[in-house]
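One is the number of the first residue; the rest follow in order along the sequence. All figures in this text were calculated on a predicted structure; none of them were measured in a lab.
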Amino acid sequence: KKNISSCCFSQVSAFLYRLLSVASVFRRPKFAIILFELLLKAMNASIIDPLQGDFPEVIEEYLELEHGIMKCIAFNRRGTLLAAGCNDGSCVIWDFLTRGVAKELRDSECSSPITSICWSKCGNRILVSAADKSLSLWDVLSGKRIRRIVLQQTPLQARLHPGSSKLCLACPLSCTPMIINLNTEDTTFLKVTVSEKPSGQNPTSRNKCSDGSTSFTPTAACFSKYGNLVYVGNSKGEILVIDSKDGEVRGMVPISGGSVVKSIVFSRNGQYLLTNSNDRVIRIYENLLPLKDENRALDELNKNLGDLNGVEKLKVIGSRCLTLFREFQDAITKVHWKAPCFSGDGEWVVGGSASKGEHKIYIWDRAGHLVKILEGPKEALIDLAWHPVRPIVVSVSLNGIVFIWAKDYTENWSAFAPDFKELEENEEYVEREDEFDLNPETEKPKGSDVNEDEKVDIMTVEKDPNFSDSDMSQEELCFLPVSPIPDVHEQQDKFLESSSKVVDSNNSESPFSEEAVTNENMMNHASSPVEDDAAGTRIKRKRRPSEKVLELQAEKVKKPLKSSKSSRTKTKSLVDENADNDFYYDELSDE
């Protein structure tokens, strides 16, 4: 199943089709069902050209708000919801399947631009950092704010702990990264440098951020897959491996060149670490530690290296934690990178160009080959995200428009049958003489031995292999209920219907009076805009009636007037000023 996309689909389909026929002859229903599922998967996959990569190619759609400019984006764990932080301090949640706004989170105390946004693992909480030095934790389903904390410095990035929504990792503008308990507001400052002294102690000014007395270069940090460790990239070009519980530095990995680390992120499976440095190089490191027993493995390494001390020991331990896997860069233009990240399966690496006036997205495979350059509108790119499951990339432009990049599928129908042949032109087919003859000697296929009365379980949800690590005790939130909002035109239509009913009830007593004729004239003109000088109300329709319709309506109005001898009327043409002289109607008045 895993390698089916890299095989020749026509041969796979033919082979499975033959196995299916053999299984049906020898009465193996379960085996036949499995083969039939594989055949369907092969057919569905073969509609796509196997030579095409599983990465986006064209802009499929874009998302735009009427009020507000989106600055940063983040998918939930399943990719069904997309959260976007705006410049007015609000957070908009899009339903990614319907591409509509599902909920808006707005705080009356915050009107500053959003700097980062992060989902909890279960999708019930959202952590938002803003330029007013605040961290806000929101309940997604109810849309209520749970907690708000104001820091000393503006947090450029904030991430929730993978196992708990009570802890978060914040990276302020000019302060060391910190782990914050959102319930108790207890803060643990992390180290960003390691002293060369044997004691391994850092200067006091480097361990805390007090009133902005010490200036720091913005530092990047991220949790490991299960949150046991924190990986910090500092301004010296080093990656520090820190215990998330006590803040102790367990290892150090020096980066070649010693450039400032601007961003650091793990892949979804936790096997690879990505760093974006100031030397315009994206580096991929392979994680050598076990995913769940990281601390135990580090303790064993610490015991085995008892003869070493200080920085040398940390470097040796760091070499056992991470090893350089690949480096990505544009050797010609030497561009800086914006928001690089992994694909959902970790097979692709994507990075946006940080150059002003261009919207370029570079896609590499994990082997280091540049496979695609996506060129969008001439607007700077400020944020980027890859869909957790599908080959879709979402980018944010400087003007606040979210572009959705998807794959341009090429259909290949020849895989539905091994001997299928695509025709460029229609051809006349001459059938054989015995092609449609019935052969009575062939045996009829016997029925299967499957028990049709057996109950089928439709309630149990099977685990998706992409989310096999789901050990959450809390139920996951994938979709949000949406209440429909009535359109303004529908309300106007209801008002018009109610007003017409009132007019009919008032004229029911004298149907043959001149007022009834006037009301009939008004009802005949209901399809065109009407202006009532007495009431001062105006009702506009979406469609403009044609000239023939207006002439027919005028003839219908004149016919009953000719039959009545007692009443005399005259017509006056009036122009509706609000319709820009496009609509005309006749007003009847008694002499």
- Give the intermediate values and the outcome of salt bridge (Lys or Arg N to Asp or Glu O under 4.0 Å) for residues R125 and D139. CA-CA 5 Å; R125 301 286 186 268; D139 181 79; 2.5 Å; yes
Where do D330 and T333 land on the side-chain contact (heavy atoms from CB on, under 4.5 Å) test, with the steps shown first? CA-CA 6 Å; D330 192 339; T333 59; 2.6 Å; yes
side-chain contact (heavy atoms from CB on, under 4.5 Å) between V396 and I401, worked out:
CA-CA 6 Å; V396 184; I401 301 176; over 6 Å; no
Notebook entry, point to check: Between I282 and E327, does a side-chain contact (heavy atoms from CB on, under 4.5 Å) hold up when you go through it step by step?
Noted result: CA-CA 6 Å; I282 299 174; E327 291 185 354; over 6 Å; no
(message) Please determine whether salt bridge (Lys or Arg N to Asp or Glu O under 4.0 Å) holds for the pair R250 and D246, giving the CA-CA distance in whole Å, both sets of side-chain angles, and the decisive distance to 0.1 Å.
(response) CA-CA 11 Å; R250 307 298 301 272; D246 54 9; over 6 Å; no
| request: Would you sort out whether Y62 and I404 count as a side-chain contact (heavy atoms from CB on, under 4.5 Å), showing the intermediate values? | output: CA-CA 6 Å; Y62 68 91; I404 301 175; over 6 Å; no
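Under the 4.5 Å side-chain criterion, counting only non-hydrogen atoms from C-beta, R77 is in contact with R268. Residues V393 and L384 have side chains in contact (heavy-atom distance under 4.5 Å, counting atoms from C-beta outward). Proximity of I93 to I126: side-chain heavy atoms (C-beta onward) are separated by under 4.5 Å at one or more points. Counting only heavy atoms from C-beta outward, the side chains of I361 and S395 approach each other to under 4.5 Å. Side-chain atoms of I180 and L167, non-hydrogen and from C-beta on, never get closer than 4.5 Å to each other. Here the side chains of P388 and F75 are in contact, with some heavy-atom distance below 4.5 Å. In this structure, the side chains of S129 and I114 stay at 4.5 Å or more apart for every pair of heavy atoms. In this structure, the side chains of T176 and L190 stay at 4.5 Å or more apart for every pair of heavy atoms.
Surrounding CD of E286 are more than 12 heavy atoms belonging to other residues, nucleotides or ligands, all under 6.0 Å away. No more than 12 heavy-atom neighbours from other residues, nucleotides or ligands sit within 6.0 angstrom of NZ on K338. Environment of CZ in R320: sparse, with no more than 12 heavy atoms of neighbouring residues, nucleotides or ligands closer than 6.0 Å. By the 6.0 Å contact criterion, NZ on K313 is enclosed, its count of non-hydrogen atoms from other residues, nucleotides or ligands being greater than 12. Atom CZ of F325 is surrounded by more than 12 heavy atoms from other residues, nucleotides or ligands within 6.0 Å.
One side chain, S174 or Q153, offers a donor N or O that lies under 3.5 Å from an acceptor on the other. In summary, the side chains of H336 and S355 do not present any donor paired with an acceptor at a separation below 3.5 Å, with no hydrogens or angles considered. Side-chain polar atoms of E379 and N399 form a donor-acceptor pair below 3.5 angstrom. Between the side chains of T80 and N76, a donor-acceptor pair is found at a separation under 3.5 Å. Counting only N and O atoms by type, the side chains of E358 and S353 include a donor and acceptor under 3.5 Å apart. If you check the side chains of K225 and N287, you find no donor sitting under 3.5 Å from an acceptor.
Interatomic distance, CD1 of I317 versus CG of L308, reported as 8.5 Å (0.5 Å rounding). Remark: D107 CG to C91 SG distance equals 11.5 Å, nearest 0.5 Å. Between atom CD1 of residue I149 and atom CD of residue E185 there is a gap of 4.5 Å, rounded to the nearest 0.5 Å. Within the model, atoms CZ of R145 and CZ of R147 stand 10.0 Å from one another, a figure rounded to the nearest 0.5 Å. Here the OG-CD distance, from S277 to Q329, works out to 11.0 Å after rounding to the nearest 0.5 Å. To the nearest 0.5 Å, the span separating SG on C86 from CG on D88 amounts to 5.5 Å.
By the 6.0 Å and 45° rule, R99 stacks over the aromatic ring of F96.
Checked against the 6.0 Å centroid threshold, Y231 and F223 do not count as a close aromatic pair. Two rings, from Y272 and Y285, have their centers 6.0 Å or more apart.
Taking both residues in full, the closest heavy atoms of W364 and V350 are given as CZ3-C, 4.5 Å, listed atom of the first, atom of the second, then distance. Residues L298 and C321 approach most closely at CD2-SG, 3.5 Å, considering heavy atoms. The shortest heavy-atom contact between S224 and P162 is O-CG, 3.7 Å. Contact record, G318 with V253: O-CG2, 3.3 Å, taken as the closest heavy-atom pair. A pairwise comparison of heavy atoms in A170 and L135 identifies CB-CD1, 4.3 Å as the closest pair. Listed here is the closest heavy atom pair of L137 and S165: CD2-O, 3.8 Å.
Panel note: side chain D365, backbone G368; a donor-acceptor pair is recorded below 3.5 Å. Proximity of a side-chain donor or acceptor of S319 to a complementary backbone N or O of V316 within less than 3.5 Å is detected. When atom types are taken as modelled, the side chain of R326 and the backbone of A367 share a donor-acceptor pair closer than 3.5 angstrom. Under the 3.5 Å distance criterion, the side-chain polar atoms of S259 are left unmatched by any main-chain donor or acceptor of N278. Proximity of a side-chain donor or acceptor of T115 to a complementary backbone N or O of P155 within less than 3.5 Å is detected. Counting only distance, with no hydrogens or angles, the side chain of T219 and the backbone of N234 share no donor-acceptor pair below 3.5 Å.
Sorted by first and then second residue, the side-chain hydrogen bond (donor to acceptor under 3.5 Å, both in side chains) pairs involving residues 383-392 (not counting sequence neighbours) form an empty list.
We find that R148 and D132 are joined by a salt bridge, their nearest charged nitrogen and carboxylate oxygen being less than 4.0 Å apart. At a threshold of 4.0 Å, the pair K372-E57 does not count as salt-bridged, since none of the basic side-chain nitrogens sits closer than that to a carboxylate oxygen.
Ring planes of W337 and Y362: perpendicular class, angle over 60° (limits at 30 and 60°).
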